[in-house]
Amino acid sequence: ETGVTQTPRHLVMGMTNKKSLKCEQHLGHNAMYWYKQSAKKPLELMFVYSLEERVENNSVPSRFSPECPNSSHLFLHLHTLQPEDSALYLCASSQSPGQMNTEAFFGQGTRLTVV
Amino acid sequence: AQSVAQPEDQVNVAEGNPLTVKCTYSVSGNPYLFWYVQYPNRGLQFLLKYITGDNLVKGSYGFEAEFNKSQTSFHLKKPSALVSDSALYFCAVRDPTGGFKTIFGAGTRLFVKA
C-alpha cells in the first residue's frame, strides 16, 4: 500500500446521479491532487490543494466539485456527469507543491463508469 | 509551455534482454523529471527522478534513467528485463518555474516475454 487510499474502487452511476469519491492519505503530506486517466491519453491534472486551499483548477467542468476539509482528506463530488467522464480517477499526495523536487504518491484509483 | 512525449505506445522485449522506454520533454527552464510505473488495477508508483547532478539516475527494481539535456530526453533503462516488469510506464516533467503542474506523458506499455 502506498499510504493513499481511495474509495470506492469501482463506481457505476447514471447521468442524473450524485456521488462522491473519497481519498485519504496517511503520509503527513500537505498537498493533494485529483487526476483523470483515460485510455491512451496523458494523465490530466484536475485539481491541486495545498494546505486545504485550492491552488490549481485546470478548466474542469463544474459537474466536478472538489472538497478538501483537512490535509488528510480529499473528495470529488460528482453530479450530472456525461458518458465521456468515464475514466480512472486518481488521487495523489506530496509533501508540498512548493517543493518541486518531491514525487507524488498515488492511490489505486476509482474506476468510474457513467451510463 | 511544458510537455512530455513518449513516442512508443508499446515496447516488447524478451526476458533477460535490456529494455529502454523513451521519453522526451520540453520546458522553458531546467526540468525536474520523473518516471512512474502502473501495474494493472493499481495507482502509479514512483520509480526514480532527476533533479540535478549526475545524469544517470538509479531507482527502484533495478531501473535507471539517463538525463540528456542536449537531446531533451530522459529514457528509462534496465539491463535485464523481467516478466514482472510488464506494466504501464509514465514519464513526467515539472518546470520549477511553472507552478504546481506536473505534466505526464501518455504512457508506454511494456511487455516482457518469457
Side-chain angles (χ1 to χ4, degrees), chain A residues 1-10 21 23-25 27 29-51 53-59 87-111, chain B residues 1-10 23-53 57 59-60 63 65 67 87-109:
Chain A
E1 294 300 327
T2 64
V4 181
T5 304
Q6 289 186 244
T7 54
R9 294 290 308 278
H10 300 272
L21 310 185
C23 176
E24 184 173 1
Q25 59 98 0
L27 301 168
H29 289 166
N30 292 321
M32 297 188 77
Y33 311 79
W34 280 116
Y35 284 90
K36 177 183 178 182
Q37 183 180 16
S38 304
K40 299 188 177 181
K41 292 175 66 175
L43 264 69
E44 300 173 46
L45 178 63
M46 301 175 72
F47 302 103
V48 181
Y49 276 83
S50 174
L51 298 171
E53 224 180 288
R54 192 190 309 179
V55 295
E56 189 85 28
N57 179 348
N58 277 352
S59 303
L88 182 68
Y89 288 84
L90 292 165
C91 173
S93 70
S94 67
Q95 287 181 337
S96 169
Q99 294 178 271
M100 297 293 181
N101 59 357
T102 58
E103 61 272 20
F105 291 77
F106 285 80
Q108 294 179 298
T110 295
R111 174 70 61 189
Chain B
Q2 59 198 68
S3 65
V4 59
Q6 294 181 243
E8 302 154 315
D9 287 340
Q10 185 171 308
C23 172
T24 58
Y25 66 89
S26 174
V27 298
S28 56
N30 292 318
Y32 293 155
L33 295 156
F34 305 80
W35 276 103
Y36 291 83
V37 60
Q38 185 178 32
Y39 297 101
N41 301 314
R42 303 296 298 270
L44 278 66
Q45 295 178 36
F46 168 74
L47 274 181
L48 52 78
K49 64 183 176 184
Y50 172 82
I51 303 301
T52 187
V57 179
S60 307
F63 283 93
F67 171 62
L88 188 57
Y89 290 81
F90 290 92
C91 182
V93 63
R94 178 181 286 170
D95 182 346
T97 64
F100 302 105
K101 288 186 179 181
T102 298
I103 302 299
F104 285 81
T108 297
R109 189 162 298 280

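These numbers come from the heavy atoms of this one structure, side chains and all, not from hydrogens, waters or symmetry mates. Just so it is clear: chains get the letters A, B, ... in the order the sequence lines come, proteins before strands, and each one is counted from 1.
For the pair B:Val4/B:Phe34, no side-chain contact is recorded, criterion being any heavy-atom separation below 4.5 Å from C-beta on. At a threshold of 4.5 Å between non-hydrogen side-chain atoms, the residues B:Phe67 and B:Val57 do not count as touching. Contact of the A:Gln25 side chain with the A:Phe105 side chain is not registered, since no non-hydrogen atoms from C-beta on lie closer than 4.5 Å.
Of the atoms belonging to A:Ala92, not a single heavy atom falls under 4.5 Å from chain B. Looking at A:Arg9, the atoms closer than 4.5 Å to chain B (heavy atoms on both sides) all sit in the side chain, from C-beta outward. For B:Leu88, the part lying near chain A is the side chain, with the backbone staying farther off; criterion is any non-hydrogen pair under 4.5 Å. Residue A:Glu44: no heavy atom, backbone or side chain, is found under 4.5 Å from chain B. Residue A:Leu90 touches chain B through its side chain alone, counting heavy-atom pairs closer than 4.5 Å. Contact of B:Tyr36 with chain A is made through the side chain alone, with heavy-atom distances under 4.5 Å. With a 4.5 Å cut-off on non-hydrogen atoms, B:Gln38 touches chain A through its side chain but not through its backbone.
Ranking B:Asp9, B:Leu33, B:Asn41 against chain A, the residue ahead of the rest is B:Asn41, based on heavy-atom pairs under 4.5 Å.
Within a 6.0 Å sphere centred on CD of A:Glu53, other residues, nucleotides and ligands contribute 12 heavy atoms or fewer.
Classification of the B:Tyr89-B:Phe63 ring pair by plane angle, with boundaries at 30° and 60°, yields tilted.
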